[in-house]
Structures are given as C-alpha cells and as structure tokens.
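Comments concern the structure below.
Note that the coordinates shown come from a computational prediction; the quantities given were computed from them, not determined experimentally.
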Amino acid sequence: MGKLGGFLQIERHGIPQRDPVERTHDYREFLITRPLAELRDQGARCMDCGVPFCHNGCPLGNLIPDWNDLVYHDRWQDAIEQLHATNNFPEFTGRLCPAPCEAACVLEIREGDAVTIKQIENSIINRAWEEGWVKPKPPRSETGQTVAVVGSGPAGMAAAQQLRRAGHSVTLFERDESIGGLVRFGVPDFKIEKTVVQRRVEQLVAEGVELRCGVDVGRDVSVQELRGRFDAVVLATGSRVPRDLPVPGRELDGVHFAMEYLYQRNRWVARELGPEPTTAQPAAERTISAKDLDVVVIGGGDTGADCVGNALREGARSITQLELLPEPPPRRPDDRTPWPQWPLKYRLSYAMEEAKQVDAGEQDYSVVTTRFSGDADGKLAALHIAQAEPAPPFGPVPGTERELKAQLVLLAMGFLHPERELLDGLGVEKDPRGNVKTATPYTSSVDGVFAAGDARRGQSLIVWAINEGRQCARMVDRYLAGQRNGGSDPAGLASHDEGLAGHADADRGPEGPPQHVGPGIPAED
C-alpha cells in the first residue's frame, strides 16, 4: 500500500490548471502536471483498501491501488505496465474521464478528500511517453483471419489494437479524415491536444493496423463488399444522431447542432496547429462562427462546455449556457446519491470558469426554450424561454416567459442512437433505443457482426468506450478461434485469449463489462 497513515498526514491536492484568463487566448491544454515528488505524496494517500471501491467506480477495472503504490515507491515503469494492463489509452481517460473512480474512493466518504487518481493516471502515461516506454506491440504470430472495425473512436481504436495484437489482420474504417472519432473532432485541443491522439494512431500503424480514412462504410464500401472481404465486423460507429429541439423557428439560420460547430473548430485548429489529417479535410457546407455574436448554448454537459470554451476563444460578444434541469446542490446529496455512487452535485465547468473570469458568460438552470425568432432575412435574432417546471416533462411555467438575444444557438442536448443506414444495411437488430441489440455480449443478430461502445450501449463515458472495445475484441477473437477450429467450437472457448493479453497475464480482465451503473448511465436490463 501507500504510506502507512499517509491519508491522515498528506492533504489532497487536485490537478493544477493554467490561469483561466491566460488560457482563453490559445488552444493548448490547460492541465498542468505536478512535480514527481508531489505526485508520490498523492500516491502515498492511497489506503489499498481491503475492498477497493475505486475498482467498482471504474468501468475499465483499472488496478488503481497497485499503480498508486508503485508511484509512491518511484517505480514508474512498473506503474505504466499495470496501467496498460487494463487501459489502452490512459492519456485519453486521464484527460477526459470525469473520474467515477474518485467518487467511489473510500476517502471520498469525507467529501472532497479522495485520492487524486485521475491526476496520477495521467502523470504515469505522460512520463511513459517522455521516457520512451510506450512501444508498438505487434503480434507474435498471424492467424490469417481478417476483421473490419467500423468507426475509430476510443471503442474502435481499442478493439482494433486488441485484435491486431491477437494476430488478426485488422482494417480500421473512418469516414472522417483522421482517426479518433469525437476525441479528435468533438473534444477541443485545450482539453486534449491532437498530437496526443496522433501518437496512438501511429502506434496502431506500427503494430500493423490498416487505416482507411475518408471511407464511409455503406456508401464508399458496400455492405456486401465488407462482409465478403472480412471474417468478422465490429461496429463502433458511436451514437451520433443528436437530440433536436423541435420548436417554432428551429429552421432559422443560426441554430446548429453542437457537433457541427465543434467539428469546424477542431478542423480549423488542425489547419493552424496540426497535426495534418490522413486525408484531405472536407469543405464545409457553411461556416459557423461565434465571433462578435451573442451565443446561447442549450445543454449543460461536457459538449455544451466545449462549445462555450470554443466560442470564448473565438471572441463571442456574450455566452449564455442554458440547462433544462434544476441546478444541482453544492454538495453530495446523501439521500439521492450516497457514496460510492456518482454524486449529483454542482460542478463549475472549466469553460464557464473561463467565461466568468473574463465577464463574458453566464449559466442558467431550469430553463425551457419555447421558440426561436428571426429577422426578415431568416436569420436568428432571439430565443424565447421560460422557467421550466421542476419535474418531467419540464413544461414552461406560465408568466415566466422572456426573450434572450442571440445570433447563434448551439444545441448540445446529447445523442439518441447510432445512425441507422449502416445498421439497416447489415440487417442487425436494434434495441428499443435504436442501438445495436446484442443478445450475448457484443454479438449482434447477424453472424460475424459485433458491436461495441456507444453504438451498443448508447451515449456513455470514454472509459466505457475503451472497455467495450477491449471486451468486444475478446468476443471476436473467440468467434474467430471457433472458425479456425472448423466450427466445432463456435463460441471460441478453446481460445485462452493469449493474443489479447498484451503479453501480460494481468490483461486478461473480466469476461464482460462491469455490471454497475456509471455516472449518468441508466442500468441495463
């Protein structure tokens, strides 16, 4: 374990960040890494609990007490081996995950005192890259079998890497110009610089994964060709159909989905700062800019915050972020979300902190939009809002209507389900929410077609995406092992998953995803 009694002697020190005002002038990451001695102290606070609830909080099943202790003892190279044993891309989760593991830490029983797990995780992988400890791991032998992975977000990347390391020939299809999915095109560079994504892409290539960017499967490559060329197909297309706001005036020029805007901003940053895309960027149908405009972001989650951060850096005149739900309480409500559950409490986003520091933004809760209004040219001029009732369906409270000036509205209200064209072309069954239905874990209704990530479970966290990609790869490998055995072992149970072990026994992991509920994710039937 860490230092005996360390949690009593050493205070928690969270992740330091660059000054909110300073960082609004650039697109560099705003998180700062602490000195090694301070990180060792934070690792020393871990109690190595008899029942490590942090494991329950982490969908990946990360070996958190193990690498906390290794950092404390200055065994960083051993720490990265333990971290990679369960997580292909800890630099992604260390920057983008909301850290449900910390919410489940035993020290969090005293709210705000959890071990800084996310900070330690990020520091381990950052140092591993600096020291050259992260290297390609090509397979030891080839199976001669082929797998197509459609969609290159974290789930698709993890599945492709695991399957390639198992010895299969893997082709990763991506309809956009670069690998990474929403980590590349949805999340801003000031949260994760795209060189961080690109070095993992280069690792995939070095391990032998074939990349096919700018290829829309179902259109550029037919479903028949896909099924004819590959022994198995993994659908990791994400949940990309956004939730709309069907109110009068929705058609006005100036009302856009959040991802339309974020894609354009990330492509602009790529042109200005790099890295270069794998294929040419597509031309935008129309330019969306927040410069010198009154901007309203509808939706209070991470996507909404990313819109606020980008609009602020573009030079918006004012930014207002609206949330339909009531404002959460300032501290964990034990009667609703007791430890070790994810606490439903107010968290000031990095973006709103920036906006308030420069006096350019505000945030409002329990607000429902009733309609949009525009000028004679069909351009957005204002949205009409009202106080929302405190319970579903959150209708407008009579007598509370007001008008909010806006020339740009960004809809960041979440996503519904995967795009259906490819799913229908393959003939896979869908669940009532429109996701790929998997009767057994990750296995669709069509033989040889599997699903992972948001396309299977719905909109979720990045840690769930990576876990799903890894576990789906395990099921695909077993299926292919059954095919190699002439169908005598159709489930592939004779396989010992040696290729998926990352050349380490610690990588065997669970047979399926942990069956607990993550933050904001409904329990599965």
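- Between E362 and K356 there is no salt bridge, since none of the side-chain N atoms of the basic residue sits less than 4.0 Å from a carboxylate O of the acidic one.
- Among the candidates V368, L411, L324, the single residue satisfying the side chain to side chain contact (heavy atoms under 4.5 Å, CB included) test with I298 is L411.
- Atoms OG and CG, from S349 and D302 in turn, are 8.5 Å apart once rounded to the nearest 0.5 Å.
- Cation-pi geometry between R250 and F372 is not met at under 6.0 angstrom from the ring centre and within 45 degrees of the axis.
- One finds no salt bridge joining K118 and E102 here, because no Lys/Arg side-chain nitrogen approaches an Asp/Glu carboxylate oxygen to under 4.0 Å.
- Look at R212 and E174 and you find no salt bridge, because none of the NZ, NE, NH1 or NH2 atoms lies under 4.0 Å from a carboxylate O.
- Under a 4.0 Å N-O distance rule, the pair R267/D176 qualifies as a salt bridge.
- Ion pairing between E419 and R175 holds under the 4.0 Å rule for side-chain N and carboxylate O.
- Applying the ring pair (Phe, Tyr, Trp, His ring centres under 6.0 Å) test to Y261 and every residue at least two apart in sequence or in another chain returns nothing.
- Shortest non-hydrogen contact noted between R227 and D447 is NH2-O, 2.6 Å.
- Contacts of F30 classified as ring pair (Phe, Tyr, Trp, His ring centres under 6.0 Å), with partners at least two apart in sequence or in another chain: Y350.
- We find the OH-CZ distance between Y442 and R456 to be 5.0 Å, quoted to the nearest 0.5 Å.
- Here the shortest heavy-atom pairing between P154 and A465 reads CB-CB, 4.1 Å.
- The shortest non-hydrogen separation linking I385 to T370 is N-OG1, 4.2 Å.
- One finds a salt bridge joining E354 and R23 here, because a Lys/Arg side-chain nitrogen approaches an Asp/Glu carboxylate oxygen to under 4.0 Å.
- Using a 4.0 Å cut-off between charged side-chain N and carboxylate O, R317 and D292 make no salt bridge.
- A distance of 14.0 Å separates CG of L408 from NZ of K291, quoted to the nearest 0.5 Å.
- Summarising the geometry, atom CD belonging to E193 is positioned 13.0 Å from atom OH belonging to Y27; distances are rounded to the nearest 0.5 Å.
- Neither side chain, R200 nor Q161, offers a donor N or O lying under 3.5 Å from an acceptor on the other.
- The pair D424-K430 counts as a salt bridge, with a side-chain nitrogen and a carboxylate oxygen less than 4.0 angstrom apart.
- A side-chain N or O of N122 and one of R95 form a donor-acceptor pair less than 3.5 Å apart.
- No donor-acceptor distance shorter than 3.5 angstrom exists from the side chain of S152 to the backbone of I179, with no hydrogens or angles considered.
- The local environment of CG in D19 is crowded, with over 12 non-hydrogen atoms from other residues, nucleotides or ligands closer than 6.0 Å.
- Shortest non-hydrogen contact noted between D189 and E29 is O-CG, 3.6 Å.
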Under 3.5 Å, side-chain donor or acceptor atoms of residues 230-243 against the rest of the protein: list the pairs with distances, not counting sequence neighbours.
residue: D231; atom: OD2; partner: T146; partner atom: N; Å: 2.8
residue: D231; atom: OD2; partner: T146; partner atom: OG1; Å: 3.4
residue: S239; atom: OG; partner: H417; partner atom: N; Å: 3.2
residue: R240; atom: NH1; partner: Y263; partner atom: OH; Å: 3.4
residue: R240; atom: NH2; partner: Y263; partner atom: OH; Å: 2.8
residue: R243; atom: NH1; partner: M413; partner atom: O; Å: 2.6

